[in-house]
Amino acid sequence: MIDETFYEYLISRYKNLRNKGKIENADIVYEEGNPSCGDMIKIYVKLSEDKNVIEDVKFEGKGCTISQVSADILADMVKGKKIEEAKKLDKKEFISELGIELSPIRIKCALLAYKVFKMGAYGIKIDDEKI
Ligand code: FES
């Protein structure tokens with residue numbers, strides 16, 4: 001159940017996504033979808049010259065409000081971090097950053113960008129059945 005305050009925040013953030021877009025010379029580009037609805041997220045990651053720091057993250061895609069806002073929040077969370085540090089971001093920490101309890105179906109929406117980021121950047125597959 002999504003409470004009204006969070007719903008308003010969600011809509012407002014959805015209308016003002018900070019990290020939506022494309023990075024032309026990205027070091028990492030990866031795209032994957034949510035098999036249960038077909039929504040997609042494509043993530044672009046630009047690393048520092050020495051490849052140790054995430055300098056920029058953008059995303060493109062289509063999907064529900066939660067998936068798009070979650071992608072935007074994920075980009076903010078990992079930007080500026082060392083690539084090895086960002087690898088440690090776990091899904092519980094990410095979900096708690098969203099600040100609400102989500103139903104199992106909505107958790108898949110919220111974790112779509114997380115899943116794409118983990119696979120694209122580290123080759124770590126997040127099993128949908130375990131979400
Ligand atoms: Fe498709 Fe949310 S309904 S990701």
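Both ligands and their constituent atoms are indexed starting at 1 by order of listing. Reckoned from all heavy atoms, side chains included, excluding hydrogens, waters and symmetry mates.
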The atom of D39 among N, O or S that is nearest atom 1 (Fe) of ligand 1 is OD2
So is N34 close enough to ligand 1, meaning a heavy atom under 4.0 angstrom away?
yes
CA sep, side-chain torsions, deciding dist, call: Y44, E60, side chain to side chain donor-acceptor pair (under 3.5 Å)
CA-CA 8 Å; Y44 300 87; E60 295 180 310; 2.6 Å; yes
Honestly, for K108 the part within reach of ligand 1 (heavy atoms, under 4.0 Å) is neither
Of the non-hydrogen atoms in K118 and K87, which two are nearest, and what is the gap between them?
NZ-O, 2.5 Å
C64 neighbourhood, listing ligand 1 atoms whose heavy-atom distance to it stays under 4.0 Å:
2 (Fe), 3 (S), 4 (S)
Could you tell me whether any N, O or S atom belonging to C109 is less than 2.8 Å from atom 1 (Fe) of ligand 1?
no
Are any of the side-chain nitrogens in K58 or D72 under 4.0 Å away from the carboxylate oxygens of its partner?
no
Which of the numbered atoms in ligand 1 are below 4.0 angstrom from a heavy atom of S67?
4 (S)
Is E32 paired with K115 through a side-chain N to carboxylate O contact shorter than 4.0 Å?
yes
Atoms in ligand 1 with a heavy atom of C37 nearer than 4.0 Å:
1 (Fe), 3 (S), 4 (S)
So that I know where these two stand, are Y122 and F117 an aromatic pair - ring centroids less than 6.0 Å apart?
yes
Does one side chain, of Q68 or K20, offer a donor that lies under 3.5 Å from an acceptor on the other?
yes
